[in-house]
Number of protein chains: 2
Amino acid sequence: MPEVRIAEVRRFMVDCLVAAGAPEHAAGAHADLLLHADVTGHFSHGLNRLEFYIRDIKSGATDATATPVILKEAAATAWVDGRDALGATVANFCMDLVIRKARHAGVGWVTAKGCCHFGMAGYWALKAEREGLIGLAFTNSSPIMVPTRSRERALGTNPIGMAAPAAPGDSLVVDMATTAVAMGKIEVQIHKGEDIPEGWALGPDGKVTTDAQVAFDTGCLLPLGGSEQTCGYKGYGLSAMVEVFTTALSGAKPTHEGRSWDLADKAAPADLGQCFVAIDPGHFAPGCAESVAACLAHWRELQPMDPSLPVLVPGDKERMNAEETRRRGTVSYARAQVDKCNRVAESLGVPSLQVAS
Amino acid sequence: MPEVRIAEVRRFMVDCLVAAGAPEHAAGAHADLLLHADVTGHFSHGLNRLEFYIRDIKSGATDATATPVILKEAAATAWVDGRDALGATVANFCMDLVIRKARHAGVGWVTAKGCCHFGMAGYWALKAEREGLIGLAFTNSSPIMVPTRSRERALGTNPIGMAAPAAPGDSLVVDMATTAVAMGKIEVQIHKGEDIPEGWALGPDGKVTTDAQVAFDTGCLLPLGGSEQTCGYKGYGLSAMVEVFTTALSGAKPTHEGRSWDLADKAAPADLGQCFVAIDPGHFAPGCAESVAACLAHWRELQPMDPSLPVLVPGDKERMNAEETRRRGTVSYARAQVDKCNRVAESLGVPSLQVAS
């Protein structure tokens, strides 16, 4: 697979976003978000999504020059209008706000309407973690999940991101769609030409499919847990909880009225709802980061079922991927991915993505 | 199955708790908690658990006369010592506190160490919901979950309870173990003499078992999602998140150092950690309860896969069970359950459970 130097990936993303109309600073922040996904191995949320963000800027669905505004505020909370700004612009604004509130009130809880996609939820939770706080980030998304017993989709992948500091320099990072998988994971299987496992998605007949292209075209993801018999109603419940935090508390459109995930309705703003939380452990029992570290150490040393597969803690896989990527200095992309990027670059008049090897 | 009048179930629970040493008021609050589980159809967390609570009071592991104390406080947060009081005593104290804080600061976040089992997490979230707030409740529990790839247990069922008001008079209630199921569900299968489905628990050989008694004796539950291939690492991640909220933030013992679920170590206090949150929608976008109601209405009207199984929203099954129980006026228990209760009653010198029919 083609290898691209990390700095070149970022250069390419920034150039494309700026050419599409984003200010340099906003483009840089958004590129950092997408780069984090590729560096940690979540290719579904990185360069793979660049075209999607650019299409939204060019159609006017995203206003890349906008800045968010606070509509209502209390000691620990705020209600924000994201004004259709770039995902990273709104999320940075809101995370800065909850971090400030958590320092004073112990916890900060902010909801925002008028949002565009903010990429990996865990990336935003990590922004609080780097400040020594526990971070949480939630977003709704396009209607793509089929609630338990339903033939029709009504909820999004509605992810939960959470990060907690662990002394010294370690962390716990949970970042998960409340569907069995995110749609990007199905796209990656298409790029690889591979099937998907059972329990990820339904076909047009309302039955489980293992064909990645059929799953992509149908766009009906199962909740975490799968069918009712295997506790899929729990994933549905988590998605419903995220729906309340992100849309009902922010005044954003409910997911079932939201824009289709396949962008049939290109020009309409997404009007997603998002929710950001920071908790300052300094306001609770002393030694939180040491307690988290003790848990991580204990879990990593548990006797594995298969000696060749050690027990990991949530976030370890991403940390190992990032270390490996930084050591190598390059990110590997499928040839089809590079070709797609260069078609986008050509249309924007931007220098193409330079492949290192 | 024997039917017992609702008021008689409560009378019996209160009498037993008082005879074991609980003050009348604390016994009543704890009986209400257990009764709610049976009335809503969660028999694993109701009368079925009474003997367990009584054993802890008699051994001194629970101090039924204790009241919790605040150790640290900020505008939106508090850190509490539960002082091994009855579960309902600590949870009522903490929920009253977060409700008060949410009214002023927008959100309230409280953690407590020194806790005993607080029953169904959703019951505590509903206490905030009845006040027009969104409620959340979390607890760690005895080490019983096997993290992904591990042969050894290290986390608890670590449940998440969440309730949100929906206008008028409706609600969304999510109440779920982050394991595939809670241990009580396996006990219920034993009482019924039925097998458990695959993906709930491991046997002593480290392989999935369908034998309820083997699963109970082994005590190794799988996380929500099951194996690594079916995304069980997401259930593990959620359980780890709850672990941080409940033990690291409260100073309670980490679950892996906690008391065994089979009570081998009877006299030691549980020292569980708990976390309670309330969010006042009045501090965010107007019309939150109406937005939640619109979602509930939409989800209930989705076209079902099987016309005989309508789509439910999280909390509907419990609501329907409660309506049916109240209409009938009685709760149905297995004969073995009634017999077990009456052995407990005899040992406490309490009038036996009067069966109505």
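As a basis for the values below, the full set of heavy atoms in this structure was taken, side chains included, without hydrogen atoms, waters or symmetry mates. Residue numbers start from 1 in every chain, and the chains themselves are labelled A, B, ... in the order their sequence lines are given, proteins ahead of strands.
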Nearest 0.5 Å please: distance from the [atom1] atom of [X] over to the [atom2] atom of [Y].
{"X": "A:M305", "Y": "B:T148", "atom1": "CE", "atom2": "OG1", "result": "10.5 Å"}
{"X": "B:E243", "Y": "A:S291", "atom1": "CD", "atom2": "OG", "result": "9.5 Å"}
{"X": "B:L302", "Y": "A:R149", "atom1": "CG", "atom2": "CZ", "result": "12.5 Å"}
{"X": "A:W109", "Y": "B:I134", "atom1": "CH2", "atom2": "CD1", "result": "7.5 Å"}

inquiry  = To check you understand the geometry: which heavy-atom pair defines the closest contact between A:A105 and B:A74, and what is its length?
reply    = O-CB, 3.6 Å
message = Can you give me the closest heavy-atom contact between B:F284 and A:T111, atom names plus distance?
response =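 Residues B:F284 and A:T111, closest heavy atoms: CD2-OG1, 3.3 Å.
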Partner chain B: residue of [options] with the largest heavy-atom pair count (under 4.5 Å):
{"options": "A:G199, A:C231, A:P197, A:G251", "result": "A:C231"}
{"options": "A:L155, A:V173, A:V292, A:D306", "result": "A:L155"}
{"options": "A:V107, A:V174, A:L249", "result": "A:L249"}
{"options": "A:G287, A:P310, A:G206", "result": "A:P310"}
{"options": "A:M176, A:R151, A:H283, A:M241", "result": "A:R151"}

Segment of [X] engaging chain B (4.5 angstrom heavy-atom cut-off):
{"X": "A:A163", "value": "neither"}
{"X": "A:A78", "value": "backbone"}
{"X": "A:E228", "value": "side chain"}

Sort [X] into side chain, backbone, both or neither according to what part of it lies under 4.5 angstrom from a heavy atom of chain A.
{"X": "B:T179", "answer": "backbone"}
{"X": "B:P281", "answer": "both"}
{"X": "B:I160", "answer": "side chain"}
{"X": "B:L296", "answer": "neither"}
{"X": "B:S250", "answer": "backbone"}
{"X": "B:H298", "answer": "side chain"}
{"X": "B:V313", "answer": "both"}
{"X": "B:A164", "answer": "side chain"}
{"X": "B:K253", "answer": "neither"}
{"X": "B:E198", "answer": "neither"}

Contact leader toward chain A among [options], where contacts are heavy-atom pairs under 4.5 Å:
{"options": "B:G315, B:G108, B:A177", "answer": "B:A177"}
{"options": "B:G226, B:G106, B:A248, B:P314", "answer": "B:A248"}
{"options": "B:L202, B:T230, B:I279", "answer": "B:I279"}
{"options": "B:E152, B:M162, B:H256", "answer": "B:H256"}
{"options": "B:P254, B:G225, B:P304", "answer": "B:P304"}

Side chain A:K72, main chain B:P286, donor-acceptor under 3.5 Å =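 Not a single qualifying donor-acceptor pair exists.
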request  = Check whether any side-chain N or O of B:K234 sits under 3.5 Å from a backbone N or O of A:A180 as a donor-acceptor pair, and report yes or no.
outcome  =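 Pair found, side chain donor or acceptor close to backbone of A:A180.
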key: Heavy-atom side-chain proximity of B:D280 to A:T77 below 4.5 angstrom   = no
message = Can you classify the ring geometry of A:W299 versus B:Y236 as parallel (below 30°), tilted (30 to 60°) or perpendicular (above 60°)?
response = perpendicular
